[in-house]
Amino acid sequence: MTIIDGIRMALAAIRANAMRSLLTVLGIVIGVAAVITMVAMGSGARDQVQQQVSSIGANLIMVTPGVRRFGGVAVSGNAILSEEDAAAIIREVPGIAAVAPTRSGNVQLVAGNANSTSRLEGITEDYMVAREWTIESGRSLSSSEVRTGGQVVLLGQTVARELFGESDPVGQSIRINRTPATVVGLLKSKGQTSFGQDQDRIVMVPLPTSRRILGNSRIQPRRVDTITVKAESGGRLGTAVEDIKDLLRQRLRIPPGGTDTFEVRNLTEFLSAATEATQTMTMLVSAVASVSLLVGGIGIMNIMLVSVTERTREIGLRLAVGARRGDILLQFLVEAVTLCIIGGAIGIGLGIGLAYLIGNLAQWPVLVQPNVIVMSVLISAAIGVFFGFWPARRAARLDPIEALRFE
Amino acid sequence: MAEIQTIPPAAAADRPVIACRDVAKTYAMGGGVVQALRGVSLDIFAGEFVAVMGPSGSGKSTLMNLVGCLDTPSAGRVAIDGEDVSDLSPDQLSDIRSRRIGFVFQQFNLLRRTSALENVMMPLMYARRPVTDRAERAKRCLGMVGLGSRTDHFPSQLSGGQQQRVAIARALVNDPTLLLADEPTGALDTRTGMEILELFQRLNRQGITIVVVTHDPEVAAAASRVLTFRDGRLVSDRRNASPRDLAAELAALPPANDEAGEAVA
Ligand SMILES: Nc1ncnc2c1ncn2[C@@H]1O[C@H](COP(=O)(O)OP(=O)(O)O)[C@@H](O)[C@H]1O
Ligand SMILES: [Mg+2]
């Protein structure tokens with residue numbers, strides 16, 4: 001007897017009891033479908049967060065003024081960060097690749113009859129590196145423009161489209177809150193964040209220029225809103241965060257035990273938070289799926305035992321005409337495995353369908369990975385072997401004479 | 001493997017297909033033991049058509065099980081085609097059954113959801129025959145029993161006699177030396193039973209050794225030798241000088257409603 005013979009017999013036996021077989025594999029179907037759906041949604045979400053974090057830029061630390069609040073009451077004022085703080089970070093903290101102080105705000109843009117609104121970032125050259133922006137056409141800001149506050153601007157894709165349609169904006173003049181500027185470069189698109197925010201609705205000008213446009217602080221003329229720090233590697237992020245905090249406490253004269261008036265956040269924390277959330281969910285559903293698969297497996301064992309009893313005479317006959325015990329074992333084992341794989345296949349189909357349905361309704365990213373499908377098939381087969389073995393062995397151990405006499 | 005001395009045969013001089021020496025079989029039953037066979041010695045030679053008779057419980061089926069390698073004796077030796085099978089393992093017995101023995105049962109024992117052809121092909125799978133030969137071989141055997149045109153029929157679409165023919169084709173498909181039939185006509189009417197017997201006689205003339213268990217003296221009269229059992233002992237071993245000629249008897253009968261299947265060329 002070959003495996004092919006076994007599969008043929010299994011399919012015939014399953015077809016002969018189609019309804020019963022279908023009900024039997026329901027546990028496997030539900031278990032596999034749950035796993036497929038969850039893994040598809042989990043990896044979809046993780047994939048998207050990953051993409052987003054890497055589109056913001058890898059290995060980033062954001063330094064912003066921030067107030068610790070207790071019960072809604074601010075216990076201290078915001079720190080005022082300056083370009084000097086940024087300079088100090090790159091000077092004194094080891095393992096830093098780039099530091100980009102920025103001033104930012106929302107602005108009105110006009111070009112001819114067209115107008116638009118956008119977020120404006122006043123940047124230094126390091127900003128492009130840290131946030132991983134690249135130029136699609138034209139050029140980036142030059143160092144002299146950054147130093148002297150040249151009347152030049154880089155446009156994000158959305159802004160460029162709203163102001164100039166499909167034509168090339170490079171070399172055109174625009175007004176930013178009445179301040180004239182020449183477009184020198186068009187930024188390459190970064191698309192939307194998973195929260196639906198358009199990253200391409202942005203314009204960038206030299207940091208000094210942004211102070212003229214957005215207005216300036218009288219107390220601290222070199223004030224910045226955010227300092228973006230890029231670590232040399234992911235491994236340095238943790239210590240870099242602590243070093244920056246220590247440095248700023250010193251510079252801002254915060255006494256030991258005092259409340260920080262700034263925030264230093266590691267961007268990959270968002271990623272690990274998102275990953276953790278999906279992992280918790282995945283574990284929860286895995287538990288449910290395991291129970292379902294276990295119940296499914298026991299169902300398979302039960303139906304196989306019933307099947308062995310029902311077919312006792314058939315087993316006796318097969319033994320009488322020359323089947324070995326191993327042939328009978330194989331026949332029933334293949335039947336159990338085939339049953340489980342059919343259940344697994346239905347579960348995979350159902351799971352993928354469900355994942356896309358939920359993904360569509362809840363606007364949730366879905367990612368079906370082929371290795372998850374392969375795993376599901378293997379797990380189904382393993383359940384068949386595990387729970388089918390005992391009934392199959394019982395069939396194989398039947399005495400041919402008694403089996404033939406069985407009514 | 002124990003050497004078995006053969007009893008000198010009356011008719012043939014060659015090696016016996018079945019050799020039993022002091023064969024006993026006991027079953028443990030609720031504390032006591034049942035002695036189904038109590039020391040049976042006999043030889044059956046190639047080409048014989050043997051009927052086994054005796055009252056119910058006399059040990060006929062037990063003998064068939066031992067000779068058919070479905071079971072092993074409690075004492076004594078059994079040899080098939082000169083090979084001692086008394087102490088073989090279940091898998092070794094399976095191989096002997098597969099290669100040398102064909103079974104025909106009173107209740108036919110066909111697989112219900114499987115066509116005549118597939119029923120006949122089934123033993124080929126266990127004999128590890130190449131898949132490509134199987135259908136052809138099975139068709140040839142169905143032709144031999146007169147069912148060449150009903151290969152695709154399911155058991156439920158066949159009469160009792162036709163079902164038993166399928167079962168006989170199944171028994172023949174691995175070219176056994178020995179055909180064992182326990183009450184093969186017990187579930188059939190007289191005429192259909194005669195047709196089955198006629199088929200046995202024809203197969204026997206082609207050289208296959210046949211042992212048939214029966215209650216019916218009419219059936220036994222078709223055999224060339226009749227063994228009678230009582231209380232687990234062989235009490236009579238009689239040669240039949242003039243067995244019935246069922247082909248002639250059937251030809252003399254008025255033609256019946258088409259039960260048997262088509263005539264064999
Ligand atoms: N598996 C068994 N367990 C116990 N007793 C058995 C078994 N098989 C047969 N017997 C007993 O052995 C004796 C012979 O049985 P059997 O060979 O079937 O007789 P026959 O076929 O001639 O009617 C009977 O008394 C029967 O009850
Ligand atoms: Mg009997």
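The structure presented is a predicted model; accordingly, all values stated were derived computationally and were not measured.
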Next on the checklist: Within the 4.5 Å heavy-atom criterion, are A:R324 and B:Y126 side-chain neighbours or not?
Outcome noted: no
Checklist entry - Got a second to check how far A:E314's CD is from B:T114's OG1, nearest 0.5 Å? => result 7.5 Å
Checklist entry - Mind checking whether A:L317 and B:L111 have side chains closer than 4.5 Å, heavy atoms only? => result yes
Item to check | Donor-acceptor contact below 3.5 Å, side chain B:D95 vs main chain A:G322 | outcome: no
Item to check | Atom pair CZ/CZ of A:R405 and B:F105 - distance to nearest 0.5 Å | outcome: 12.5 Å
Checklist entry - Within a strict 4.5 Å, meaning less than it, do heavy atoms of the A:L319 and B:R97 side chains meet? => result yes
Item to check | Test item: B:F103 and A:V321 side chains (from C-beta on) under 4.5 Å apart, heavy atoms | outcome: no
Next on the checklist: Tell me whether A:L294 at atom CG has more than 12 heavy atoms from other residues, nucleotides or ligands lying less than 6.0 Å away.
Outcome noted: yes
Item to check | Interchain contact, B:R170 with chain A, by part (heavy-atom threshold 4.5 Å) | outcome: side chain
Next on the checklist: In the structure I gave you, are the side-chain heavy atoms of A:M9 and B:M125 within less than 4.5 Å of one another anywhere?
Outcome noted: yes
Item to check | Pairs of heavy atoms under 4.5 Å with chain A: top-ranked of B:P176, B:S94, B:S98 | outcome: B:S94
Item to check | Heavy-atom side-chain proximity of B:R128 to A:M1 below 4.5 angstrom | outcome: no
Item to check | Which atoms of B:Q92 approach chain A - backbone, side chain, both or neither, heavy atom under 4.5 Å | outcome: neither
Checklist entry - What part of A:E402 is in contact with chain B, defined as an atom under 4.5 angstrom from a non-hydrogen atom: side chain, backbone, both or neither? => result neither
Next on the checklist: If you count heavy atoms of other groups shown closer than 6.0 angstrom to CZ of B:R230, is the number above 12?
Outcome noted: no
Next on the checklist: How about CZ on B:F154, more than 12 heavy atoms from neighbouring residues, nucleotides or ligands closer than 6.0 Å, or not?
Outcome noted: yes
Checklist outcome for this item: Heaviest contributor of heavy-atom pairs below 4.5 Å to chain B, chosen from A:G326, A:A323, A:G316, A:P400, is A:A323
Checklist entry - Are more than 12 heavy atoms from other residues, nucleotides or ligands located less than 6.0 Å from atom CZ of A:R394? => result no
Item to check | Under 4.5 Å from any heavy atom of chain B - which part of A:R325 | outcome: both
Item to check | Contacting region of A:R15 [heavy-atom separation from chain B under 4.5 Å] | outcome: neither
Item to check | Candidates B:R134, B:M122, B:M121 - the one meeting side-chain contact (heavy atoms from CB on, under 4.5 Å) with A:D5 | outcome: B:R134
Checklist entry - Hey, is CD on B:E136 packed in by over 12 heavy atoms from elsewhere, all under 6.0 Å? => result no
Item to check | From CG (B:N65) to CG (A:D399), nearest 0.5 Å | outcome: 8.5 Å
Checklist entry - Do other residues, nucleotides or ligands put more than 12 heavy atoms under 6.0 Å from A:L361 CG? => result yes
Checklist entry - Considering only heavy atoms, which portion of A:R8 lies under 4.5 Å from any heavy atom of chain B: side chain, backbone, both, or neither? => result side chain
